[in-house]
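Reminder, nothing fancy here: chain letters follow the sequence lines and each chain counts from 1. Worth saying up front: this structure is predicted, and the values here are computed from it rather than measured.
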Number of protein chains: 2
Amino acid sequence: MNFSISEENHIKWIYHLQQKKGLVNTNSLAAEMQTKAASVTDMLKKLKAKKLLQYEKYKGFKLTEMGKKTALNVIRKHRLWEYFLSVKLGFEWEKVHAIAEELEHISSDELIQRLDDFLGNPSFDPHGDPIPDSFGKIPAIKQYNVLQLPLNKKAVVSSVSNQSPEMLEMLKHHKIGIGSTLQSLKHFAFDGSIEIKVLKNATCILSEQVAKNIFVYYD
Amino acid sequence: MNFSISEENHIKWIYHLQQKKGLVNTNSLAAEMQTKAASVTDMLKKLKAKKLLQYEKYKGFKLTEMGKKTALNVIRKHRLWEYFLSVKLGFEWEKVHAIAEELEHISSDELIQRLDDFLGNPSFDPHGDPIPDSFGKIPAIKQYNVLQLPLNKKAVVSSVSNQSPEMLEMLKHHKIGIGSTLQSLKHFAFDGSIEIKVLKNATCILSEQVAKNIFVYYD
DNA sequence: AAATAAATTTAGACAAATCTAAAAATATTT
DNA sequence: AAATATTTTTAGATTTGTCTAAATTTATTT
């Protein structure tokens with residue numbers, strides 16, 4: 001089935017809200033989407049008619065299985081584009097979200113599958129949010145802080161929680177980026193710093209202050 | 001200024017039509033865009049009000065300088081995305097156009113500048129059409145058929161006019177793709193075939209039949 | 001140049017997505 | 001549980017982009 005941009009946006013936000021609260025109500029969706037309650041009601045009727053939404057007047061609402069699948073596909077597209085913008089085009093993370101809000105509505109399924117492969121089937125976007133697969137399944141993989149990483153275990157950098165220019169400069173210098181493979185070699189008790197091997201590159205030392213912002217995953 | 005998708009599409013098609021015919025008329029634009037003359041008239045008024053169009057009732061129309069710049073920016077986006085889809089994601093050329101029709105309306109200027117750089121500032125899209133720069137300037141570079149290329153001159157593959165599976169298989173085998181650098185080494189009068197050096201790869205022989213579909217440029 | 005044909009525009013309707021203001025339903029307070 | 005407040009929905013308007021059908025202008029033909 002084919003959805004308008006507005007429909008996709010509503011579905012996406014309902015998904016996010018129901019993840020926290022179960023049932024969603026009109027006002028909170030309107031607030032989240034910066035629109036009015038009456039507009040939300042109109043859209044709810046439309047989504048119900050398309051069998052994307054379980055909705056009874058005045059009783060709140062939540063997505064059907066089909067609605068959830070649709071939401072997860074939009075979220076998948078959003079996060080893959082974020083990864084692309086950040087890792088391939090070198091965008092600062094603050095700028096990535098707004099552009100992905102547009103790109104997530106491009107409709108071609110083959111585009112997304114090819115983009116996914118081109119990016120190396122990443123599991124997390126640059127904010128550390130998991131990227132659903134084409135079936136809507138969210139990867140079971142956990143993320144760890146580098147400081148928690150078992151010694152010598154190879155792991156892939158999935159996100160960096162502080163993206164200040166100073167942090168980015170430091171990561172660039174050590175050739176650490178999202179997608180880099182690294183190994184934790186040693187912890188120093190004196191100052192909490194750790195020695196890291198960045199695969200295909202040199203070894204380096206990261207202060208605790210830096211390391212606590214770097215997240216990785218492994219299988 | 002900010003334009004709707006429909007406005008951008010009208011501007012783009014007016015540009016293409018006026019390139020051939022100078023003044024554009026309502027019916028031919030409607031035919032090209034698969035819409036009705038009355039709808040075109042409505043849009044013409046809007047574009048005139050925004051100073052994108054020179055238009056007098058019943059007299060035909062053409063873009064103002066500002067309209068042309070807007071058109072060229074949409075065309076630039078379209079062709080850069082086509083290049084991306086083809087060269088980076090490996091799409092067959094028949095599929096590239098439809099997806100680029102959607103992507104061309106993504107609004108971020110920084111996105112396009114970064115995409116352009118990421119792609120290596122290509123001069124031609126995979127169909128051989130020139131890609132305007134960010135000022136709307138179309139590259140002055142000419143394309144040549146490989147058969148016309150002076151011996152030993154290094155040139156870059158810009159497009160391939162026949163993209164049948166058989167052709168693509170052959171190109172893949174010789175590691176020739178859009179963006180490849182090559183040199184013509186020798187012409188054989190007997191069958192019209194040529195010997196080509198594909199830079200960073202081996203030398204190979206292309207039949208005239210194959211070679212006549214390969215276009216290159218150099219400066 | 002009058003009649004006919006073709007192209008273009010206008011007038012008015014329609015669908016999608018939104019809004020405001022009023023009405024209805026539900027929740028909360030006293 | 002009655003009164004009040006909050007939430008949600010309805011009714012009707014608005015904007016954008018499209019359409020059909022009729023009217024108007026321009027072009028072509030006899």
Identify every side-chain donor-acceptor pair in residues 156-167 of chain A under 3.5 Å, counting partners at least two apart or on other chains, and give the distances.
unit_1  : atom_1 : unit_2  : atom_2 : d
S158(A) : OG     : Q143(A) : OE1    : 2.7
S158(A) : OG     : F215(A) : O      : 3.3
S159(A) : OG     : Q143(A) : OE1    : 3.3
S161(A) : OG     : N213(A) : OD1    : 2.8
N162(A) : OD1    : S164(A) : N      : 2.8
N162(A) : OD1    : S164(A) : OG     : 3.0
Q163(A) : NE2    : V160(A) : O      : 3.4
S164(A) : OG     : E166(A) : OE1    : 3.4
S164(A) : OG     : M167(A) : N      : 3.3

Side-chain donor/acceptor pairs under 3.5 Å, residues 125-134 of chain A, sequence neighbours excluded:
unit_1  : atom_1 : unit_2  : atom_2 : d
D125(A) : OD1    : H127(A) : N      : 2.8
D125(A) : OD1    : G128(A) : N      : 3.1
D125(A) : OD1    : D129(A) : N      : 3.0
H127(A) : NE2    : E82(A)  : OE1    : 3.1
D133(A) : OD1    : F135(A) : N      : 2.8
D133(A) : OD1    : G136(A) : N      : 3.1
D133(A) : OD1    : K137(A) : N      : 2.9

Cut-off 3.5 Å, no hydrogens considered: what does the side-chain donor-acceptor table look like for residues 50-59 of chain B, sequence neighbours left out?
unit_1 : atom_1 : unit_2 : atom_2 : d
K50(B) : NZ     : E7(B)  : OE1    : 3.3
K50(B) : NZ     : E7(B)  : OE2    : 3.0

Which donor-acceptor pairs under 3.5 Å do the side chains of residues 111-122 of chain B make with protein atoms, sequence neighbours left out?
unit_1  : atom_1 : unit_2  : atom_2 : d
Q113(B) : OE1    : R76(B)  : NH2    : 3.2
R114(B) : NE     : E110(B) : OE2    : 3.0
R114(B) : NH1    : L89(A)  : O      : 2.9
R114(B) : NH1    : G90(A)  : O      : 3.0
R114(B) : NH2    : E92(A)  : OE1    : 3.3
R114(B) : NH2    : E110(B) : OE2    : 3.2
D116(B) : OD1    : N121(B) : ND2    : 3.4
D116(B) : OD2    : R76(B)  : NH1    : 3.1
D116(B) : OD2    : R76(B)  : NH2    : 3.3
D117(B) : OD1    : N121(B) : ND2    : 3.0

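Contacts of V87(A) classified as side-chain contact (heavy atoms from CB on, under 4.5 Å), with partners at least two apart in sequence or in another chain: Y83(A), I178(A). Every residue two or more places apart in sequence or in another chain that forms a salt bridge (charged side-chain N to carboxylate O under 4.0 Å, His left out) with K68(A) is listed here: E65(A). For F84(B), the ring pair (Phe, Tyr, Trp, His ring centres under 6.0 Å) criterion is met by F84(A), W81(B), not counting sequence neighbours. Shown here are the side-chain contact (heavy atoms from CB on, under 4.5 Å) partners of K69(B), two or more places apart in sequence or in another chain: there are none. Residues meeting the ring pair (Phe, Tyr, Trp, His ring centres under 6.0 Å) test with F124(A), sequence neighbours left out: Y217(A).
Computed from coordinates, the D42(A) CG to dT9(D) C1' distance equals 9 Å when rounded to whole Å. Distance M43(B) CE to dT16(D) P: 11 Å, rounded to the nearest Å. Here the P atom of nucleotide dT16(D) and the CG atom of N2(B) are 13 Å apart, to the nearest Å.
For DNA chain D, no neighbouring residue in residues 4-12 of chain A is found when judged by any heavy atom under 4.0 Å. Of the residues in residues 56-64 of chain A, those with a non-hydrogen atom less than 4.0 angstrom from any atom of DNA chain D are K57(A), Y58(A). Using a 4.0 Å cut-off on heavy atoms, the residues of residues 14-40 of chain A that approach DNA chain D are N25(A), T26(A), N27(A), A37(A), A38(A), listed by number.
A salt bridge links K12(B) with E101(B); the closest basic N to acidic carboxylate O contact falls under 4.0 Å.
OP1 or OP2 of dT9(D) lies within a sub-4.0 Å distance of a side-chain N or O belonging to Y55(A).
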